[in-house]
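Below is one structure, written out as structure tokens; the observations come after it.
Order of the sequence lines sets the chain letters (A, B, ...), proteins ahead of strands, with each chain counted from 1.
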There are 2 protein chains.
Amino acid sequence: MKQFEILKNAPILDGIPEEEFDFLITSLNCQLKNYPKDYIVLKEGTHLKRTGFLIQGALRQYCNHYWDNPIELSTLQPGTLFALSFQVDKEISLVSYQTLCHTVILWFDLEPLFEFKDEKGYHRRLISNLLQAMNEQNQQLLAHRTHLSQPTTREKILSYLSLESLRQQADEFDIPFDRQGLADYLCVERSAMSKELSKLKSDGYLITSKNHFKLLKP
Amino acid sequence: MKQFEILKNAPILDGIPEEEFDFLITSLNCQLKNYPKDYIVLKEGTHLKRTGFLIQGALRQYCNHYWDNPIELSTLQPGTLFALSFQVDKEISLVSYQTLCHTVILWFDLEPLFEFKDEKGYHRRLISNLLQAMNEQNQQLLAHRTHLSQPTTREKILSYLSLESLRQQADEFDIPFDRQGLADYLCVERSAMSKELSKLKSDGYLITSKNHFKLLKP
DNA sequence: TTCATTTTGTTGTTTTTCCAACAAACACAG
DNA sequence: CTGTGTTTGTTGGAAAAACAACAAAATGAA
């Protein structure tokens with residue numbers, strides 16, 4: 001079954017044997033729910049209760065705050081956790097989630113993970129995986145914010161490329177974006193970015209063809 | 001002793017009784033180190049090994065990638081965790097840390113937390129606290145990135161204010177910034193922001209005096 | 001209170017980015 | 001190969017933001 005495959009391969013369950021899933025399903029009070037297209041699964045401003053794990057379908061993550069000026073955040077793919085809260089009924093959700101098609105979500109409680117009924121250590125393993133997932137997301141957010149903090153398009157590009165160079169430990173590398181994708185990621189105009197890339201080329205900062213970049217010290 | 005106070009009150013040790021600290025110090029292989037002013041504690045591109053907890057002093061967090069174009073990220077205050085890694089010797093640090101004054105750092109290992117020697121559950125408690133801290137940072141980064149993603153100064157302001165309104169559950173609230181601080185946070189010019197705030201006022205979007213804001217639906 | 005300092009708002013100029021339109025290069029199915 | 005659709009680079013005018021300089025207001029210490 002396809003749904004089970006996604007669950008089985010989720011990083012969050014890494015290191016936990018399948019025969020223990022039943023134990024987890026019971027102790028975390030799991031509940032599988034189906035939603036039709038365009039259904040608002042969670043509305044911003046409401047109290048966070050249970051954690052969601054997207055099994056099938058797609059979720060649109062967005063804000064629509066005070067002045068009804070909707071802001072798109074991202075589209076969640078199967079295998080993603082969302083709506084985490086560690087102080088149930090104290091935290092409120094700052095974002096909304098809406099289904100983009102027929103969607104299946106596994107809801108569960110986090111609290112049992114923090115209680116003392118974990119003879120085999122699988123709760124702790126689950127928490128560790130959670131921690132790791134969150135750490136990764138953190139790194140990505142931190143990097144993205146660093147680029148967006150740069151004042152000009154040129155500096156945004158340089159910030160992105162030099163981090164990518166460090167990450168890939170090379171001064172020559174591929175990037176996972178086409179031009180439009182990179183512009184969206186850096187929140188600038190594609191044409192302005194293209195202009196700036198040309199300048200950088202003629203200034204001797206880099207050589208590029210398609211999504212392959214080679215950095216130079218001019 | 002002041003250093004111990006900071007440790008004792010750190011959110012990361014919440015719920016763990018003082019008499020258990022010795023146990024943690026031993027099992028996590030803790031090590032206290034002193035650094036002089038301007039010392040580079042960790043350089044970007046090097047492998048992450050141990051986790052740091054800033055006890056005393058201040059750390060400048062910055063990047064200086066390929067083209068030696070330094071980028072300031074933040075200044076860490078006592079009580080902050082940094083240089084976390086969950087795959088020792090696989091992850092590299094994407095940022096550097098430099099002391100701004102005489103600084104004391106507690107270094108420790110994370111791995112023991114994920115092993116099976118936790119009779120009283122304090123390792124798990126520590127992990128939970130870690131998870132919570134990381135979740136909070138995540139929320140803040142996500143919010144910040146959302147604001148920075150907005151194309152214009154006006155939209156950055158509106159994004160920030162409407163989120164703040166949601167967070168504080170009121171259409172009237174104080175913000176923790178002065179004008180310059182808000183401009184820095186939103187990565188825009190103070191004067192341009194001031195201009196835009198004036199426009200928003202005359203357009204009937206808000207009333208403000210000092211750091212108190214009241215939102216209106218025009 | 002007065003005076004010095006900091007914060008905030010305003011204005012005009014310069015610079016940068018956005019936007020729209022188009023041409024060249026490329027990708028690919030028939 | 002040809003033709004179609006997409007991606008990329010380029011350009012010029014419009015809009016916005018940055019910058020600099022200054023005035024008004026608020027703050028805080030003597």
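In terms of phosphate contacts, B:R190 brings no side-chain nitrogen or oxygen within less than 4.0 Å of OP1 or OP2 of C:dT8. OP1 or OP2 of C:dT10 sits under 4.0 Å from a side-chain N or O of B:S198.
Taking atom CE of A:M193 as the reference point, atom P of C:dT17 lies 13 Å away to the nearest angstrom. Atom CD in B:Q180 sits roughly 9 Å away from atom P in C:dT8 (whole-Å rounding). The CG atom of A:L197 sits 11 Å away from the C1' atom of D:dT8 (whole-angstrom rounding). Put simply, CD1 on A:I175 is 14 Å from C1' on D:dT7, counting in whole angstrom units. Straight-line distance from the CD atom of A:E189 to the C1' atom of D:dA15: 12 Å, rounded to whole Å. Taking atom NZ on A:K199 and atom C1' on D:dG9, their separation rounds to 14 Å, with Å as the unit. Atom CZ of A:R154 and atom C1' of C:dT15 are 14 Å apart (whole Å). Per the geometry, CG belonging to A:D178 stands 15 Å off C1' belonging to C:dA25, to the nearest Å.
Nearest to the side-chain atoms of A:T152 among the listed nucleotides C:dC18, C:dT16, D:dA21 stands C:dT16. Of the candidates C:dT10, C:dC18, D:dT8, C:dC18 carries the atom nearest the A:V188 side chain, counting heavy atoms from C-beta on. In this structure, of D:dA18, D:dT27, C:dT8, it is D:dT27 that holds the atom nearest to the side chain of B:K210.
Other residues, nucleotides and ligands contribute more than 12 heavy atoms inside 6.0 Å of the CZ atom of A:F177. The number of heavy-atom neighbours closer than 6.0 Å to NZ of A:K217, taken from other residues, nucleotides and ligands shown, is above 12.
Between B:R154 and B:D203, at least one side-chain N (NZ, or NE/NH1/NH2) sits under 4.0 Å from a carboxylate O, which counts as a salt bridge.
In this structure, the side chains of B:L13 and B:N129 stay at 4.5 Å or more apart for every pair of heavy atoms. Proximity of B:Q98 to B:Y62: side-chain heavy atoms (C-beta onward) are separated by under 4.5 Å at one or more points.
Positionally, the nearest nucleotide of DNA chain D for A:G181 lies more toward the 5' end than for the other of A:P151 and A:G181.
Note on B:S191: a base of the nucleic acid sits closer than 4.0 angstrom, heavy atoms only. Nucleic acid contact class of A:T153 (heavy atoms, under 4.0 Å, all strands): sugar-phosphate only. Heavy atoms of A:K195 sit under 4.0 angstrom from at least one base atom. Among the protein residues, A:E196 comes within range of the sugar-phosphate backbone only, with heavy atoms under 4.0 Å from sugar or phosphate atoms but none that close to a base.
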